[in-house]
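We use all heavy atoms of the structure for the numbers below, so side chains are in, but hydrogens, waters and symmetry mates are not. Remember, it's 1-based here, ligands and their atoms both numbered in the order they're listed. Everything quoted here is computed from the prediction, not taken from an experiment.
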Amino acid sequence: MSAKILDGKGTAQAIRAEIKEDVDKFIAETGVQPTLAVVLVGEDPASQVYVRNKETACVKAGMRSLMYRLPATTTNEELVALIEKLNRDETVHGILVQLPLPKGLDEKRILDLIDPHKDVDAFHPENVGLISQGRPRFLPCTPYGIQQLLVRYQIETAGKRVVVIGRSDIVGKPMAALMIQKGLGGDATVTVCHSRTVNLAQVAREADILIAAIGKPEFVTADMVKPGAVVVDVGMNRVERELVNEQGNLEKVSKLVGDVDFEKVKDVASWITPVPGGVGPLTVTMLLNNTLKAARLLVKAR
Ligand code: GUN
């Protein structure tokens with residue numbers, strides 16, 4: 001049996017259409033255009049693509065996008081000055097500093113400096129604390145997108161065993177935090193696996209919902225998946241593959257693959273996200289959602 005596809009791209013489009021309507025209504029009511037400032041330091045090619053996607057999505061949703069592209073030679077002091085300026089700017093509602101930052105820049109110091117009311121990534125300790133206590137201001141974009149995907153496909157999470165592979169601050173930890181909360185898309189029993197987990201494959205096989213976020217190409221193999229499990233792949237790994245071309249010669253091609261061996265795992269799982277077209281588009285979508293929320297909060301606080 002082949003798993004059904006959890007269509008992240010289609011779901012993202014549907015949510016973005018809802019957000020666009022809400023943005024239009026918000027602008028008509030308040031005269032305020034939700035604005036996201038995105039800061040990219042350096043030349044990382046993947047980050048450049050992500051940032052461009054965020055900018056395009058913002059504009060399409062009727063929001064304003066301010067892009068700050070800074071050289072890799074930018075100093076901590078220069079970046080601090082920019083963040084402080086954006087914090088003070090009342091026309092800016094969301095601030096996102098694209099990670100990873102180039103070596104030499106103090107990621108923690110920079111992220112801690114972002115006004116928590118403008119922290120649309122939900123990386124600030126104050127926002128992480130609020131999530132942990134079950135009273136979130138913003139929800140982190142990738143875990144929030146995954147939760148929305150499960151909810152919209154009416155995949156039950158209450159009482160289910162969820163196994164998250166990966167303990168990053170961006171995905172693994174906040175994913176676990178969301179799934180253990182009370183309410184729709186939560187109430188799960190969650191295990192987080194990582195590089196020091198003993199018998200990881202065995203733990204993964206206990207999952208009703210398996211979420212792979214470790215950044216290792218095709219790490220999750222069919223034997224690590226319980227038959228009928230729901231598999232969510234957060235991985236975006238660029239790999240070189242050798243293919244035989246039309247002339248019969250070996251050719252190296254660059255390919256995007258997830259953390260899950262899709263071709264094999266789809267024969268075991270009941271539902272699966274593809275890469276690309278799975279989780280990726282949802283991350284950007286929830287960023288739009290958070291930016292609108294930040295604008296609402298700021299207008300309310302005036
Ligand atoms: N780099 C990879 N994912 C993310 C994300 O969700 N937010 C930011 N700011 N940087 C990232």
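Polar contact with ligand 1: present for Val97 (N/O pair, distance under 3.5 Å). Considering backbone and side-chain atoms together, Gln98 places an N or O closer than 3.5 Å to an N or O of ligand 1. The shortest N or O to N or O distance between Thr142 and ligand 1 is not below 3.5 Å.
When the shell of 6.0 Å around CZ of Arg302 is examined, it contains more than 12 heavy atoms from other residues, nucleotides or ligands. Around CD of Glu18, the count of heavy atoms belonging to other residues, nucleotides or ligands within 6.0 Å exceeds 12.
With a heavy-atom cut-off of 4.0 Å, Phe123 touches ligand 1 through its side chain alone.
Of the protein's non-hydrogen atoms, Leu99 N, 3.0 Å is the one closest to atom 10 (N) of ligand 1. Remark: minimum distance from atom 9 (N) of ligand 1 to any protein heavy atom is reached at Asp121 OD2, 2.7 Å.
Short contacts between ligand 1 and Leu96, defined as distances under 4.0 Å to a heavy atom of the residue, involve ligand atoms 9 (N).
A salt bridge links Glu77 with Arg109: the distance from a Lys NZ or Arg NE/NH1/NH2 to an Asp or Glu carboxylate oxygen falls below 4.0 Å.
The closest side-chain donor-acceptor pair between Thr11 and Arg152, if any, does not fall under 3.5 angstrom. A side-chain donor-acceptor contact under 3.5 Å links Thr142 and Thr283. Side chain to side chain, Asn76 and Asp106 fail the donor-acceptor criterion of an N or O pair below 3.5 Å.
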